[in-house]
2 protein chains.
Amino acid sequence: MRADHLSSTLSALADPTRRAILARLALGETSVAELARPFDMSGPAISKHLKVLEAAGLISRSRDAQRRPCRLNAAPLGEVAAWLERYRVFWDASFDRLDDYLRQVQGNGGPHGERQ
Amino acid sequence: MRADHLSSTLSALADPTRRAILARLALGETSVAELARPFDMSGPAISKHLKVLEAAGLISRSRDAQRRPCRLNAAPLGEVAAWLERYRVFWDASFDRLDDYLRQVQGNGGPHGERQ
DNA sequence: CAGTTATATAACCTTTTAGTTAAATATTTG
DNA sequence: CAAATATTTAACTAAAAGGTTATATAACTG
């Protein structure tokens with residue numbers, strides 16, 4: 001398991017089952033059984049996914065009779081978004097054009113740089 | 001390796017070495033050797049990290065004599081940001097307060113629900 | 001063309017991940 | 001308290017991840 005928080009958050013998110021669980025939880029708190037329903041997967045497998053999400057701080061669990069309802073804790077997603085912000089300029093279309101411009105000017109692509 | 005694009009992007013990002021490589025590339029295109037310099041890690045290890053980043057579409061490589069300079073390709077980061085947007089409301093402070101309010105009103109935390 | 005530099009691949013090892021089934025635990029209900 | 005329900009833990013397996021060293025490839029340089 002990785003030490004830093006951002007890594008464990010990203011690692012937890014890098015699984016479609018876990019992202020689907022978060023999407024369900026965005027609709028509201030619910031039980032493990034209901035979270036498991038959409039998946040062709042054993043209960044213990046879901047339980048492990050929930051453990052990963054909990055370890056990453058993305059969900060928290062309470063108690064309701066036999067049920068252990070889960071709820072979304074989105075704070076770590078905010079940290080991911082904050083990390084991503086530093087790169088926003090790189091994927092904005094305006095920057096793509098800026099980047100092309102800089103490469104032309106600086107000639108980093110060589111004198112015959114692909115003009116597109 | 002996971003099938004969907006978002007998963008492989010998040011998986012590629014879930015490693016501090018690879019994120020550091022991206023941070024370096026945000027300063028501009030550079031060689032594998034220079035990317036490797038800050039890390040106490042063999043060349044092949046870095047080469048593998050670059051392969052993971054390339055497979056996720058986060059970098060692309062060109063040729064400059066013996067060098068294979070890498071450059072940042074931030075488009076997949078944009079996809080991550082787009083995915084995250086759906087959750088922004090959940091980590092904004094205003095929502096946290098709204099959520100507390102809803103729990104009090106609906107009594108989901110039980111009649112003696114933790115008031116704090 | 002021999003040597004050097006830069007990088008990639010092969011083969012291997014260890015740890016982690018993601019799943020399984022069977023058994024244990026916690027809680028409610030009759 | 002026995003049975004039922006909801007979930008977790010244990011033990012196991014297979015595959016993937018992340019690292020290593022040794023070797024191969026590609027391109028330049030004398």
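Below, chain A is the first sequence line, B the second, and so on; all start at residue 1. Computation of the quantities below employed the complete heavy-atom set of this structure, encompassing side-chain atoms and omitting hydrogens, waters and symmetry-equivalent molecules.
Checking side-chain atoms of Y87(A) against main-chain N and O of A23(B) turns up a donor-acceptor pair under 3.5 Å. A distance-only check finds a donor-acceptor pair linking the side chain of T9(A) to the backbone of H5(A) [under 3.5 Å]. Of the possible donor and acceptor atoms, none in the side chain of R71(A) sits under 3.5 Å from a partner among the backbone N and O of E29(A). Judged by distance alone, the side chain of R63(A) and the main-chain N or O of P69(A) form no donor-acceptor pair under 3.5 Å. Under the 3.5 Å distance criterion, the side-chain polar atoms of R61(B) are left unmatched by any main-chain donor or acceptor of R68(B).
S31(A) comes within 4.0 angstrom of sugar-phosphate atoms only, judged by non-hydrogen atoms across all strands, and of no base. Within the 4.0 angstrom heavy-atom criterion, only backbone atoms of the sugar-phosphate kind lie near A33(A); the bases stay farther away.
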Letter by letter from the 5' end, nucleotides 24-30 of chain D scores (B base, S sugar-phosphate only, - none; protein heavy atoms under 4.0 Å) --SBS--
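In this structure, CD1 of I46(A) is placed 11 Å from P of dT7(D), rounded to the nearest angstrom. With rounding to whole Å, L53(A) atom CG is found 10 Å from dA18(C) atom P. Atom pair K51(B):NZ and dA17(D):P shows a separation of 12 Å (rounding to whole Å applied). If you measure from atom CD of E34(A) to atom P of dT5(D), you get 18 Å, rounded to the nearest angstrom.
Taking side-chain N and O atoms only, S42(A) has no distance below 4.0 Å to OP1 or OP2 of dG19(C). At dA18(C), one or more side-chain N or O atoms of R18(A) fall inside 4.0 Å of OP1 or OP2 (strictly under the cut-off). Put simply, H49(B) has no side-chain N or O that comes within less than 4.0 Å of OP1 or OP2 on dA17(D).
In this structure, the nucleotide among dG19(C), dT7(C), dT7(D) sitting nearest to the side chain of A45(A) is dG19(C). Considering only side-chain atoms of M41(B), the nucleotide from dG19(D), dT8(D), dA22(D) that sits closest is dG19(D).
A salt bridge is absent between E54(A) and K51(A): the closest approach of a Lys/Arg side-chain nitrogen to an acidic carboxylate oxygen does not fall below 4.0 angstrom.
Looking at which nucleotide of DNA chain C each of K48(A) and P69(B) is closest to, the 5′-most match is held by P69(B).
Counting heavy atoms from C-beta on, the side chains of R67(B) and V32(B) never come closer than 4.5 Å.
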